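Small disclaimer: the values here were computed from a predicted structure and weren't measured. No hydrogens, no waters, no symmetry mates; every other heavy atom, side chains included, goes into these values.
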Amino acid sequence: MSAQPLRVLAAAALAVCAAPHAFAQSAALVTAAKAEGQLTVIALARSWCGYGAVIDAFKAKYGIKVNELNPDAGSGDELEAIKANKDNKGPQAPDTIDVGLSFGPQAKAAGLLQPYKVANWATIPDSAKDAEGYWYGDYYGVLAFQVNTDIISKVPSDWSDLLKPEYRNAVALAGDPRTANQAIQSVYAAGASTAGSDATKAGTAGLKYFADMNKAGNFVPVIGKAASLAQGSTPVVIRWDYNALADRDALNGNPKVAVVVPKSGVVAGVYVQAISAYAPHPNAAKLWMEYLYSDEGQLAWLNGYCHPIRFNDLVSKKLIPKAMMDKLPAAEGYAKALFPTLEQQTAYKEIIGKQWDQVVGATVK
């Protein structure tokens with residue numbers, strides 16, 4: 001390569017790195033990202049929200065290698081990965097994170113993130129993004145019961161059912177409630193089903209609920225996954241609807257799986273994207289964000305049963321195919337969904353994370 005193209009490439013890279021906001025998938029950003037050659041992501045299980053297809057489409061579109069770290073990690077693990085690799089530009093240092101809403105401000109406050117506003121910034125609801133661009137919502141779903149109906153003959157319809165004797169040694173969380181957002185939200189949802197309209201008591205009520213479940217012998221203290229569901233060691237798993245529906249499709253009737261949105265305590269959770277302040281490949285990270293928030297990326301999430309954060313914008317532009325909408329669960333199940341505020345999430349995350357061991361006494365592994 002001659003010196004002139006090298007100078008042009010370097011100039012493009014510097015321009016993009018310095019910009020807090022770039023045009024979607026601009027030529028300069030694409031060039032700079034390709035020059036870096038790699039993107040390192042973390043905690044993106046390929047079955048989660050259709051991420052496998054999203055990652056493969058990104059690689060095919062831009063020819064950039066994607067290094068997929070620890071796909072089963074929780075939100076807390078992602079922040080620890082950034083901290084542990086501040087001075088490491090090697091393959092263990094994540095460029096981007098995908099974490100529960102309450103972890104975004106926590107990471108920003110700790111100086112772990114860098115700001116970047118995608119081109120479609122204005123179409124992301126203000127309630128789901130940091131005004132300065134340090135983190136922003138990407139998709140949401142509701143907590144549901146994933147049930148192996150080859151083993152469980154009576155499918156539970158609400159949280160109160162899971163405390164009954166017929167679910168002995170059957171119920172698991174899909175993460176560690178001390179660190180994983182999905183599990184923390186599950187405990188909160190259980191509490192919301194008993195605490196009524198008082199959101200401030202749902203965290204404590206959720207801990208009591210799982211303490212009661214553990215005493216009854218119904219709680220299984222392992223992280224529930226598709227494999228454990230199919231094997232029967234955790235025939236009921238509490239997890240995001242999109243994960244449960246994706247597992248149902250993947251298992252293809254072996255075993256048969258029911259996905260139930262509970263009658264009460266329907267809690268919706270927003271996940272957010274952010275770029276590490278120490279990202280080894282900052283331009284690849286920015287291009288990844290632009291792709292995720294493009295119409296193409298947002299529809300890919302919807303195809304994975306997740307409601308993308310720009311869902312209303314896509315609907316208003318009539319960009320969602322009818323066949324894709326028909327795949328989603330009935331809208332009635334989502335009618336009572338609660339969207340906890342950031343302040344509420346921060347409060348109950350603190351309660352649940354610190355008091356789980358003391359109140360419930362079942363370490364999830």
- Item | Point-to-point distance, once rounded to the nearest 0.5 Å, from CG of N120 to CD of Q298 | 8.0 Å

- NZ/NE/NH1/NH2 to OD/OE distance under 4.0 Å, E290 and K286: no

- Query: Is a side-chain donor or acceptor of S276 paired with a backbone partner of Y278 at a separation under 3.5 angstrom?
  - Reply: yes

- Query: If you round to the nearest 0.5 Å, how far is CE of M324 from CG of L302?
  - Reply: 5.5 Å

- Task: Kindly give the heavy-atom pair with the smallest separation between A268 and A337, and that separation in Å.
- Result: CB-CB, 4.4 Å

- For W159 and S186, which heavy atoms make the closest approach, and how far apart are they? CH2-O, 3.6 Å

- Query: Yes or no on ring pair (Phe, Tyr, Trp, His ring centres under 6.0 Å) for Y271 and W48, after CA distance, side-chain angles and deciding distance?
  - Reply: CA-CA 12 Å; Y271 277 74; W48 179 292; 5.5 Å; yes

- Item | Salt-bridge criterion met for K365 and D176 (N-O under 4.0 Å) | no

- Query: Is the side chain of N218 donor-acceptor paired with the backbone N or O of L162 at a distance under 3.5 Å, no angle test?
  - Reply: yes

- Query: Any donor and acceptor pair, going by atom type alone, linking the side chain of T149 with main-chain N or O of I152 inside 3.5 Å?
  - Reply: no

- Message: What I want to check is whether the side chains of Y134 and Q114 have a donor and an acceptor closer together than 3.5 Å.
- Response: no

- Query: Heavy-atom distance under 4.5 Å between the side chains of L342 and P105, does that happen here?
  - Reply: yes

- Task: Tell me, with the steps shown, if L338 and V266 meet side-chain contact (heavy atoms from CB on, under 4.5 Å).
- Result: CA-CA 6 Å; L338 305 171; V266 182; over 6 Å; no

- Under 3.5 Å donor-acceptor, N283 side chain and L29 backbone: no

- Item | Check ion pair K154-D161 (N to O, under 4.0 angstrom) | no

- Cluster link V237 to V222, ILVMFWY, side chain under 4.5 Å: no

- Message: Checking I97 against I42 for the side-chain contact (heavy atoms from CB on, under 4.5 Å) test, could you report, in this order, the C-alpha distance in whole Å, the side-chain angles of both residues, the deciding distance, and whether it holds?
- Response: CA-CA 6 Å; I97 56 173; I42 185 171; 4.1 Å; yes

- Query: Going from CD on E296 to CG on L319, what distance comes out if it is rounded to the nearest 0.5 angstrom?
  - Reply: 12.5 Å

- Item | Gap between atom CG of D241 and atom SG of C306 - 0.5 Å precision | 7.5 Å

- Query: So which heavy atom on E68 is nearest to which on L44, and how close?
  - Reply: OE1-O, 4.4 Å

- Proximity of Y242 and Y139 rings by center, below 6.0 Å: yes

- Does a donor on one side chain and an acceptor on the other come within less than 3.5 Å for Q185 and Q345? yes

- Query: Just wondering, do Q273 and M289 contact through their side chains at under 4.5 Å, heavy atoms?
  - Reply: yes

- Query: Is W288 close to I64 at the side-chain level, that is, under 4.5 Å between some pair of heavy atoms?
  - Reply: no

- Is K263 reaching over with its side chain to a backbone N or O of S157, donor-acceptor style, under 3.5 angstrom? no

- Query: Hey, quick one: are L143 and F339 part of the same hydrophobic cluster, counting side-chain heavy atoms closer than 4.5 Å, chains of contacts allowed?
  - Reply: yes

- Task: Indicate yes or no for a side-chain donor-acceptor contact from N148 to the backbone of G232 under 3.5 Å, with no hydrogens or angles considered.
- Result: no

- Query: Hey, are the side chains of P156 and K164 touching, using non-hydrogen atoms and a 4.5 Å cut-off?
  - Reply: no

- Does Q182 reach the main-chain N or O of G175 with its side chain, forming a donor-acceptor pair under 3.5 Å? no

- Message: For the backbone of I124 and the side chain of R310, can you confirm whether one donor and one acceptor N or O come within less than 3.5 Å of each other?
- Response: no

- Message: What's the separation between atom CG in D295 and atom CD1 in I320, rounded to the nearest 0.5 Å?
- Response: 10.0 Å

- Query: Are the side chain of E350 and the backbone of A347 linked by a donor-acceptor contact shorter than 3.5 Å?
  - Reply: no

- Message: Looking at K129, I'd like to know if its NZ atom is crowded, meaning that more than 12 non-hydrogen atoms belonging to other residues, nucleotides or ligands lie closer than 6.0 Å.
- Response: yes

- Message: Grouping I, L, V, M, F, W and Y whenever their side-chain heavy atoms are under 4.5 Å apart, do Y209 and V220 come out in a common cluster?
- Response: no

Please set out all donor-acceptor pairs under 3.5 angstrom arising from side-chain atoms of residues 246-254, sequence neighbours excluded.
| from | atom 1 | to | atom 2 | distance (Å) |
| --- | --- | --- | --- | --- |
| D247 | OD2 | Q146 | NE2 | 3.0 |
| D247 | OD2 | R239 | NH1 | 2.5 |
| D249 | OD2 | Y305 | OH | 2.6 |

- Item | T363 side chain reached by P221 side chain, heavy atoms, under 4.5 Å | no

- Query: Taking the side chain from S316 and the backbone from D313, do they hold a donor-acceptor pair closer than 3.5 Å?
  - Reply: yes

- Message: Any heavy-atom pair between the side chains of V66 and V41 that's under 4.5 Å?
- Response: yes

- Task: Any chance you could measure L299, atom CG, to S294, atom OG, to the nearest 0.5 Å?
- Result: 8.5 Å

- Query: Do V359 and I351 sit in the same hydrophobic cluster, where Ile, Leu, Val, Met, Phe, Trp and Tyr count as joined when their side-chain heavy atoms come under 4.5 Å apart?
  - Reply: yes

- Within 6.0 angstrom of K215 NZ, more than 12 heavy atoms from elsewhere: no

- Query: Would you say K89 has more than 12 foreign heavy atoms packed within less than 6.0 Å of its NZ?
  - Reply: yes

- Item | S193 and S264: side chain donor to acceptor below 3.5 Å | no

Can you give each donor-acceptor pair under 3.5 Å made by side-chain atoms of residues 77-87, sequence neighbours left out, with the distance rounded to 0.1 Å?
| from | atom 1 | to | atom 2 | distance (Å) |
| --- | --- | --- | --- | --- |
| D77 | OD2 | G74 | N | 2.9 |
| E78 | OE1 | D98 | N | 2.9 |
| E80 | OE2 | K83 | NZ | 3.3 |
| N85 | OD1 | N88 | ND2 | 2.7 |
| N85 | ND2 | A81 | O | 2.7 |
| N85 | ND2 | Q92 | O | 3.1 |

- Grab the two heavy atoms, one from V259 and one from A144, that are nearest each other, plus how far apart they are. CG1-CB, 4.1 Å

- Plane angle bin for W356 and F210 - parallel if under 30°, tilted between 30 and 60°, otherwise perpendicular: tilted

- Item | H281 side chain reached by L39 side chain, heavy atoms, under 4.5 Å | no

- ring pair (Phe, Tyr, Trp, His ring centres under 6.0 Å) assessment of Y136 paired with W121: CA-CA 9 Å; Y136 21 99; W121 178 257; 5.4 Å; yes

- Side-chain donor-acceptor pair under 3.5 Å between Q38 and T40, yes or no? yes

- Note on the structure: Closest non-hydrogen contact found for P91 with L69 is O-CD2, 3.2 Å

- Query: How are the rings of W301 and Y293 set relative to one another: parallel (under 30°), tilted (30 to 60°) or perpendicular (over 60°)?
  - Reply: perpendicular

- V171 side chain near I238 side chain, heavy-atom distance below 4.5 Å: yes

- Task: Decide side-chain contact (heavy atoms from CB on, under 4.5 Å) for F311 and L314; before the verdict, give the C-alpha distance in whole Å, the side-chain angles of both, and the deciding distance to 0.1 Å.
- Result: CA-CA 5 Å; F311 182 79; L314 296 174; 5.6 Å; no

- Message: One thing to verify: whether E132 and K117 come together as a salt bridge, which I'm taking to mean a side-chain N less than 4.0 angstrom from a carboxylate O.
- Response: no

- Task: Is it possible for you to check whether K108 lies under 6.0 Å from the centre of the six-membered ring of W135, through NZ or CZ, and within 45° of that ring's axis?
- Result: no

- Message: Determine whether V272 and F103 satisfy the following criterion, side-chain contact (heavy atoms from CB on, under 4.5 Å), listing intermediate values before the conclusion.
- Response: CA-CA 8 Å; V272 302; F103 287 86; over 6 Å; no

